[in-house]
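Protein chains get the first letters and strands the later ones, always in sequence-line order, with residue 1 at the start of each.
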Amino acid sequence: MTRRLSADVAVIGGGLVGSSAALALRRAGLSVILIDKGFCGAQASGVNYGGVRRQGRSAAQLPLSQRAHQIWPRLKELIGIDGEYQRSGHLKLARTPEDFAKLEHYAETVKSFGLDLELYTGAMAKARFPWLSGNIAGASLCPDDGQANPRLVSPAFAKAARDAGAIVLEQNAVHAAVRANDGFALQAGADCEITCRFLINSAGAWANKIAADFAEPAPLSRIYPSMVVTEPLAPRLPVSLGEEGGGFYCRQVTRGNYIMGGGRGYALADPDFSRPSTTAAQSVMKRATALFPHLAGAHVIRFWSGTEGQLPDNNPVIGPSGTTPGLFHAFGFCGAGFQVAPAVGAVLCDLVTSGETVTPIDAFSIERFRNMSSQHNEKKGTHNETVE
Amino acid sequence: MNDTSPAVVVGAGPAGICAAKTLVAAGLRPIVIDEGLRAGGQIYRRPFLDDGRSATDLYGSEAAKATRLHREFDALLPSIDYRPQTLVWNIADNQLHLMANGDHQQISFQNLILSTGATDRVLPFPGWTLPGVYTLGAAQTALKAQGCTIGRKVVFLGSGPLLYLVAWQYLKAGASVAAVLDTAPFTAKLNLLSAFRFDPRLVLIGMSYAARLVRRGVKLRYNVRPTGVDGSQHVEGLSFKSGAKTHSIACDAVAYGFALRPETQLADLAGCSFRFDDRDRTWLPVTDETGRTNRKGVYLAGDGSGIAGADAAEISGELAALALIQDSGAVADPGRMSVLAGARRRKAKLRDALEKAFPFPENWFEQVPGETKLCRCEEITVSSVVDTLHGNDLRELNRLKALSRAGMGRCQGRMCSAALAEVLSSTQKLTLTEIGRLRAQAPVKPLPLSLHEGGA
Amino acid sequence: MAAHHSRSQFQRHFRRDEAPIPFTIDGIAYSGRRGDTVLVAIMSVTDRLRQSEFTSEPRAGFCLIGACQDCFVTLACGMRVRACTTPLEAQMAFITRESGNE
Ligand SMILES: Cc1cc2nc3c(=O)[nH]c(=O)nc-3n(C[C@H](O)[C@H](O)[C@H](O)COP(=O)(O)OP(=O)(O)OC[C@H]3O[C@@H](n4cnc5c(N)ncnc54)[C@H](O)[C@@H]3O)c2cc1C
Ligand SMILES: Cc1cc2nc3c(=O)[nH]c(=O)nc-3n(C[C@H](O)[C@H](O)[C@H](O)COP(=O)(O)OP(=O)(O)OC[C@H]3O[C@@H](n4cnc5c(N)ncnc54)[C@H](O)[C@@H]3O)c2cc1C
Ligand code: FES
C-alpha cells in the first residue's frame, strides 16, 4: 500500500547537515520530512574524526564557520546532550620552515575574522606543549577550536528534529525527485510518495544524483579518509592536533582513546561502505609514534573510514538551485563539514523561510560549476587537504 | 595448477591441519599461518613446554586423535611454509596482512582457506569481570597448556559439552570442583538419546563425565541462573537460583560459558556473504557443502564456518582443500568429496541434537540487574545499553554499538556481541535476523602502534 | 598494587620443578617457571593483572586464548603485552600503574 506524506519541506539525507536543517525548520514552524536511505547520522556525519575547527578554512568559509562556532556551545539546549563538545584548542603543526611560513601567511590572511591564532616557533611550541616530540618547525594554535563526538552529535540532531515534530523516515532511499505543481514529488523506499513545497538536497556524497536530476550536476567525487583509534590511555593530549598539508591529525577523547587520521581509504563493492587503507593507517601510526614517543607501547584497536563528497575547489555547494525554484543544495564538504554543518542547517532554514541569509554563501553557489563537465572521475590523491 | 602464489591456510587446528595435509598430498606447498605458539588449535592445544603429562592425561578420550594430528602436522613441516605466532589481522584486495614478532608483513593469495575456529560464547551476569571468573575454555587452556587450575575450588557453570568435560578434567587434575551448574533443565539431556543415533561413542563419553563427577560427590544442578559472584576483589563464592530458591556456594573461581561462537571476522573482511544460522544463533559465512564461499578462491573450514566440533573440522578441512584443488583445475577425487560431504551432513545432525541437549539460556537478561557490565572492555552496563536503545528507538546492531559504545573495545565485540544481540532483540521484540550483525573491522585484534614494516 | 595482593589465584599442578624465571611486579621480585605465560606467572603469585580503565576494577584475564584482550599488562619499558599468549622471559618488569603516566 502506498504511503503518502506531505510537508512544507522534505530533506533528503539525514546527516548532520540535513538533520540540523530539519531541526531549524521545525523550530521555525514548518512541517518537515527528513529522509535517509540508511540511518540518520550513520554516514560521514557519524563516523568522522570529530574535529570542530575553524583554523585552516578558506576565508570564504569563515563567516559560516563562525556562525557554527556560536551554535556548538549550545548543543545541550538544542539537542539535549553536549556531544562531548569541548573547546580544547586546535594546534596545527608545521614540519618544515616552508610549512610554517604557510601557517604565518594564513594567520595574516584571516586576521579580520577573529580566530585569535597564536603562532609558535618550533622551540616555543615544544616548550608550550611538552608532550610534543619529533621534527616541528612551528605551530599555530586556535585556542577556541575544539572537538566533539560525531557518533553522538549527529544522530542526536536527527532525534531532536523528530522530537520537535519532524517525520523521520529511515531506511528509505529517495530514488526519484521531480518538480510537481507548486513544489516537488518524491518517491522513497518501496512505497512512499512525498510531496512538499521546498526540497533540500543534503545527501552527502550521494547528492549529485539529485542535483543531476534537476539538470545541474556538480563535479562531485568521493573520498574515504582513513581513521585509526587506540586503546584507552592516560590523558595527555589536551588539544586537537593537525598538520599543515593534512597528512596527520589526532585527538585524545575524554575516555582516553587517541583518534588519529590521515590518508585515504577505498570503497567496498557496495560503495556506501568503505574501508581504510592499511598503508594510510600505517603511515598515521608511524607519524603518531614520532610525535608522541609515549605511545610507542600502545595498541590500536580499530581502523575505519567514511564516505565524503569532494569538490574540485575544496568548497561545498550551499544555496538555491540554479535551475529549480524551491530546491536547495548543501553537499560536498570536502572532509570538513562536521564543524560547519549546524550553521549550514541554519542557513538552509533562512533560505527556505525568507529566501535569503545573513551569512555570505556566494562562493558556494552551484552555479560555479555550470560550464564544467559533469564527467568527473575520482582522482585519488589529487586532494590532500586537511580532513578534520 | 596455474597460479603462482601459494595457497594459504589460516589456522592450524584440526580443520587447518587437515586442509594443509590435503593440499600437500596434491603436490602444493601451502603457507600455514597460526597465531598460536604451537599447532593444534583449541581442542588439541599443546602445552607450551612438554611437562611429562601423557596424551591421555591431556586429551583423555581424544588422545589418539590428538597424537595423530600432531604427528601428521609435524610430518608436514618440510612440505609447508609454517608461520606460527603470526596473526592475520586484515584481508584486503587478495592480500593478507600479518603481524609476526611485532613486524608487519603482507602476502598475496589467490587461494585461501580460513579455518579460524571458535571462542567461548559468554553472557554477562553480576561479577563476571571479577578476577577468578574465567570462560570454560580458559579453565581448560590453563590446565592443558600450562598445567595450572584457575583456582583451588572451582564452580563450573553454563551450558554445553565443555561444562562437564572441563569439570571432570579439573577433578582429575586434583582441583576441587565445588559444583557443576547447568543452565539447562535436566529434561534437555533427554535429547542426548537422539544424538546417540549419530555418534554413540561421543554421547557415552559425554555422559560418563557427568556420571564420574556424581560418583566423586560433585553436586550437579540444572535449570540454574547465576545471580552474582560473591567478593569484591576476587571470587569468594557464587550465588545462583535454581527453581525459586537462591543458593550460595563458596569457591575461589568460576568457569562458565555457553558453547562457542565462530571466529568469522576474517571471512567478513575477505568479502564473504553471511546468513543467519538458527542453531548457532549467529551469522555465518555462506558456503556450499564443501566450504566454497561467494568469493572466488576463498574457502572456509572448521568451527569458523559454523560450530560443528573437532571431528567435523577435520572433515571440512579436507573438503575445503579438495574444493580448492578442484577449482584450480587439478583432479580431486569426487568420490572422496561426496563421502566427506555425507559425513559432514551427519555431523550437522549430531550438532542439531546436541544443541537441544545443551541449549542456549533463553531470556537470560530477565534476571540480570541493569548495573551489570554488558561490555567488559568499555565497561558499559546493561541499563545504559537499554536506555540508549530506548532513547533512540534503535533496531540495528551496528547503530546500537555506535551509540552505546558496547562492542567498541579491544575485543571487537567477541565477548559482548551475543549479549548485545540478545538485549536488542528481546527489548525491541525483533528477531536476531532482523537486527543484523556487527560488521568486522580491521585489525581483528589489537596491533602495536609501533608495528614496523617487515619483510614479505 | 600486586604487592598488596599476595594471594595466588592460579594453582600449579604440573611443571612445578621447572627452572625458575625471575620477574618483577612494581619492583617486587617474584619468580615463575620455565614454560609459563606471563598471565600464569603473574596469577600464580597474585590475584590480578591490572586495573580496568574506567572503573579501576581489578582484572585478571578471561579467555586465556587471545580473544578477549582483557589481559594486557604494561612493561616498565612502556611496551604492553597480551599476558595469556606471551611467554614469560627472565627479568620482565611489570608495572601496574596506568600506562602513559610518568
Ligand atoms: C572519516 C571522515 C573524517 C572527517 N573528519 C572531519 C572533521 O574532523 N571535521 C569536520 O568538520 N569534518 C570532517 N569530515 C567531513 C564531515 O564528516 C562531512 O563533511 C559532514 O559530515 C557532511 O555531512 P552531510 O550531512 O552532508 O553528509 P552525510 O553525513 O554523509 O549525510 C548524508 C546522508 O544522506 C543520505 N542519503 C544519500 N542519498 C540518499 C537518498 N537518495 N535518499 C535518502 N538518503 C540519502 C545518506 O544515507 C547519509 O546519511 C570527515 C569526513 C569523514 C568521512
Ligand atoms: C578454548 C576452547 C577449548 C575447547 N576444548 C574442547 C575440548 O576439549 N573438546 C572438544 O571436543 N572441543 C573443544 N573445543 C571446541 C573445539 O576446539 C573445536 O570444535 C575444534 O577445535 C574446531 O577446530 P578448528 O580447526 O575449526 O578450530 P580451532 O581448533 O579453534 O583452530 C583455529 C586456529 O586458528 C587460529 N586463528 C584464528 N584466528 C586467527 C588469525 N586471525 N590469525 C592467525 N591464526 C588464527 C587459532 O590460533 C587456532 O589455532 C574447545 C574450544 C575452545 C574455544
Ligand atoms: S585472557 Fe583473553 S586475551 Fe588474554
Quiz item: What heavy-atom pair brings B:Phe48 and C:Gly35 nearest, and what distance separates the two atoms?
Solution: CB-O, 3.5 Å

Practice problem: Indicate whether any N or O donor in one side chain lies under 3.5 Å from an N or O acceptor in the other, for B:Glu35 and C:Thr85. | Solution: no

Quiz prompt | Atom group of B:Gln42 that falls short of 4.5 Å from chain C, counting heavy atoms | solution = side chain

Quiz item: Angle class for the B:Tyr256/C:Phe62 ring planes (parallel below 30°, perpendicular above 60°, tilted otherwise)?
Solution: tilted

Self-check item: Residue, of B:Val444, B:Asp252, B:Asp120, that accumulates the most heavy atom pairs under 4.5 Å with chain C
Solution: B:Asp252

Exercise. State the CG-CZ distance between B:Leu49 and C:Arg33, to the nearest 0.5 angstrom.
Key: 12.5 Å

Quiz item: Closest approach of B:Cys411 and C:Cys68, non-hydrogen atoms and distance?
Solution: CB-O, 3.3 Å

Quiz item: Does C:Gln69 reach the main-chain N or O of B:Pro446 with its side chain, forming a donor-acceptor pair under 3.5 Å?
Solution: no

Quiz item: Say you draw a straight line from CZ of C:Phe14 to CG of B:Asp50; how long is it, rounded to the nearest 0.5 Å?
Solution: 13.5 Å

Self-check item: Side-chain donor-acceptor contact under 3.5 Å, B:Gln146 with C:Arg12
Solution: no

Quiz item: How far apart are the closest heavy atoms of B:Met415 and C:Ala67, and which atoms are they?
Solution: CE-CB, 3.9 Å

Practice problem: Measure C:Gln9 against the heavy atoms of chain B and call it side chain, backbone, both or neither at under 4.5 Å. | Solution: both

Quiz item: Who among C:Arg15, C:Glu18, C:Met43 has the most heavy-atom pairs with chain B under 4.5 Å?
Solution: C:Arg15

Practice problem: Considering non-hydrogen atoms only, spot the tightest contact between B:Pro131 and C:Pro58 and give its length. | Solution: CD-O, 3.4 Å

Quiz item: Taking C-beta and beyond as the side chain, do C:Arg82 and B:Lys445 meet within less than 4.5 Å on heavy atoms?
Solution: yes

Self-check item: Note, B:Ser450 side chain near C:Met79 side chain (heavy atom, < 4.5 Å)
Solution: yes

Quiz item: Can you tell me how far SG of B:Cys377 sits from CD of C:Glu53, rounded to the nearest 0.5 angstrom?
Solution: 8.5 Å

Quiz item: So how far is it from C:Leu64 CG to B:Thr135 OG1, rounded to the nearest 0.5 Å?
Solution: 7.0 Å

Quiz prompt | Heavy-atom side-chain contact between B:Arg152 and C:Ser8 under 4.5 Å | solution = yes

Quiz item: Can you find a side-chain donor-acceptor pair between B:Thr149 and C:Gln11 that sits under 3.5 Å?
Solution: no

Quiz item: Are any side-chain N or O atoms of C:His13 and backbone N or O atoms of B:Cys148, one a donor and one an acceptor, separated by less than 3.5 Å?
Solution: no

Practice problem: Write down the atom of C:Gly61, the atom of B:Tyr134, and the distance for their closest heavy-atom approach. | Solution: O-CE2, 3.4 Å

Practice problem: Report the distance from atom SG of C:Cys71 to atom CZ of B:Arg410, rounding to the nearest 0.5 Å. | Solution: 9.5 Å

Quiz item: About how many Å separate CG of C:Asp47 and NE2 of B:His234, when rounded to the nearest 0.5 Å?
Solution: 6.0 Å

Quiz item: Would you say B:Glu379's side chain and C:Thr55's backbone share a donor-acceptor pair under 3.5 angstrom?
Solution: yes

Quiz item: Can you tell if the side chain of C:Glu57 reaches within under 4.5 Å of the side chain of B:Leu130, non-hydrogen atoms only?
Solution: no

Quiz prompt | chain B interface, residue from C:Thr37, C:Val40, C:Asp70 that has the most non-hydrogen pairs under 4.5 Å | solution = C:Thr37

